[in-house]
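First comes the structure, then the notes that go with it.
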Amino acid sequence: MTENEKKQLRAIDAPFVALGPSGVTIRDRLGHLTPQDEKVLQLAGAHLGSLASRDLKARCADGLKHDTDTWAARKRDLTAESSSRWAGSTTKATHDQWALSRRCQLAHIHNLEAGVRTLMHRLSRPIGDKGTKRVPGGYRSEHEWFVKSRRLAALERRLDAARAEREAGIVHVVRGGRRLFNIRHNLEKARLTETEWRQRWEAERWFLAADGESGKRYGNETIRVTPDGEVSIKLPAPLAHLANAKHSRYVLASRIQFKHRGEEWGDRVHGNRAVAYRIHYDVARGRWYLTASWQRPVVKTIPLETARAGGMIGVDTNADHFAAYRLDRHGNPVGAPHRFFYDLTGSANHRDAQIRHAITRLLHWAKRAGVAAVGIEDLDFTAEKSREKHGRKKRFRQLVSGIPTGNLKARLVSMAAERDVSIVAVDPAYTSMWGAQHWQKPMTAPRRKTTRHDAASIAIGRRALGHPIRRRTTPPPQHQSDAVGHRTVQADRPARGREEARRPVTERAHDARPRTGNTQGKRATSASITVRDALSAGQWVQDSLLITDEER
């Protein structure tokens, strides 16, 4: 039985060209604001934030009974205290947040189900039973078995509660973020005072976001930004007395200048196409920011064969770097491997900046190399992080959790689309294992050490190109050494003359030379051990008559 027959390999999905980004987001700072501007923004954000909290509470109370009538009723209630457009933006944000909570709830249920299945399987195995790479074994001691049985009961209770809440349409949402809410009980660890936490908490719960509307002036009537950068806000009804312009509008003293994608934004504003805006206050920096976003048509991807025509760059994603290797269209590695490092410690902004910098260097190298596509694994570690699956492998769980799969997909696709580089996603199955098996040793040179990650990048690139990961297939029997298959015992590659014809059996005997006493490599004729062939010292004479003893 071969190795492949013992180990069932799962089916490998075909590679595909990833779709381009469907939206654009840019941001600029609202600088040089007057104290009155900041006061108006704080009052408007706090008032609209309280309305958003009340609307979210009502939406969660409706649960699965929500319909268009209840939506319209909630919108009418908000319109009386703000405006019709503010009410529309608020209710839409509420629905998006509720839908996101439902998706997270379903993912949590799947995670609990996976943990329960793993625990039930391991508890059913004998204590000390060794598992395999695919199937875990039993627990190592009775104490560990008992502790895991208690954990199984706890997970089953949590799973039943989560299923009941999903059937009833109950979700748990915290406006401002659950993490920031829990920091309130650990201010010393977070190095915050109560006043600082309170400022951050209130700023996160403010609501100053307005959806765009095509056909309206400059694409947004609620938060309007003119082509020359003037920002004005439609104030809610209770704050209309603070307006400094017509129609209850307040014009800020700050001017906006989008450095990134400014031309694209200007084209949409001049064409009165929808642009959504959001005003946000960064408490740590003490700065106000304006974020503009809009949808764009899905970028048409090039055919897969066109992307493969100029070769490919295979990229292996790791917890601290990208390992990349360039391959030609035939799947042969070209040049030396490249590594693009990043540091995922620190704040979220620092991690995001590190990822963007690594992707920028990768794409610049791809353009210099002249390739039109980058092959990367379609990673998803949702089911790979649970401690029930990996047990005590805490380091491995931290390694898997550290790989930025979510940010990587979003950043890489959007940044590659701007540089006309296509992204080919491949199935990640066995790339590291087969890459190390077939490519790590052949690609290692005296002055260059090929790592397992470099070999995996070659495997990913070959799969993206449509080639098998193995370097070459087995030649047909007629082209092998014996024309019908390899010999049972093969000579090593350094052996001289291993492809020559076989020598006579007598010459192949291990004791041929010592037995004959020959040291020159030539054997002398050995004496026969039979009577018929025994050597005689007499002389042979031909005679017609035989001489007998009587005649003598």
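The figures here come from the full heavy-atom set of this structure, side chains too, leaving out hydrogens, waters and symmetry mates.
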Between Glu204 and Arg175 (salt bridge meaning N to carboxylate O under 4.0 Å), is one present in this structure?
no

Rounded at 0.5 Å granularity, tell me how far CG in Asp37 sits from CG in Leu30.
9.0 Å

Pair Asn318-Asp320, side-chain contact (heavy atoms from CB on, under 4.5 Å): steps then yes or no:
CA-CA 6 Å; Asn318 301 284; Asp320 59 348; 4.2 Å; yes

His66 ring center near Trp98 ring center (under 6.0 Å):
no

Between Phe181 and His185, what is the ring plane arrangement, given parallel below 30°, perpendicular above 60°, and tilted in between?
perpendicular

With rounding to the nearest 0.5 angstrom, report the CZ to CZ distance, Arg29 to Arg287.
4.5 Å

Do Trp365 and His338 have their ring centres less than 6.0 Å from each other?
yes

Over 12 non-hydrogen atoms of neighbours within 6.0 angstrom of CE in Met120:
no

Give a yes-or-no answer on whether the side chains of Asp55 and Thr90 include a donor-acceptor pair shorter than 3.5 Å.
no

Check whether any side-chain heavy atom of Arg200 sits under 4.5 Å from a side-chain heavy atom of Glu196, and report yes or no.
no

Are any of the side-chain nitrogens in Glu165 or Arg102 under 4.0 Å away from the carboxylate oxygens of its partner?
no

Is there a side chain to side chain donor-acceptor pair (under 3.5 Å) between Tyr277 and Asp211 once you walk through the steps?
CA-CA 7 Å; Tyr277 295 104; Asp211 298 328; over 6 Å; no

Flag the pair Phe322 / Tyr342 as yes when their ring centroid distance falls below 6.0 Å, and as no otherwise.
yes

Would you check if there is a donor-acceptor pair between the side chains of Ser22 and Gln295 at a distance under 3.5 Å?
no

Do other residues, nucleotides or ligands put more than 12 heavy atoms under 6.0 Å from the NE2 atom of His241?
yes

Going by atom types alone, do Gln105 and His172 pair a side-chain donor with an acceptor below 3.5 Å?
no

Any salt bridge between Glu188 and Arg191, counting N to O under 4.0 Å?
no

Can you tell whether the side chains of Asp352 and Arg411 come within less than 4.0 Å, N to carboxylate O?
yes

Flag the pair Arg54 and Glu81 as a salt bridge only when some basic side-chain nitrogen lies within less than 4.0 angstrom of an acidic carboxylate oxygen.
yes

How are the rings of His321 and His453 set to each other: parallel, tilted or perpendicular (split at 30° and 60°)?
perpendicular

Does Arg224 qualify as a cation-pi partner of Tyr218, given the criterion of NZ or CZ under 6.0 Å from the six-membered ring centre and within 45 degrees of its axis?
no

So how far is it from Leu159 CG to Asn111 CG, rounded to the nearest 0.5 Å?
10.5 Å

Specify whether Phe207 and Trp86 have parallel, tilted or perpendicular ring planes, treating 30° as the upper limit for parallel and 60° as the lower limit for perpendicular.
perpendicular

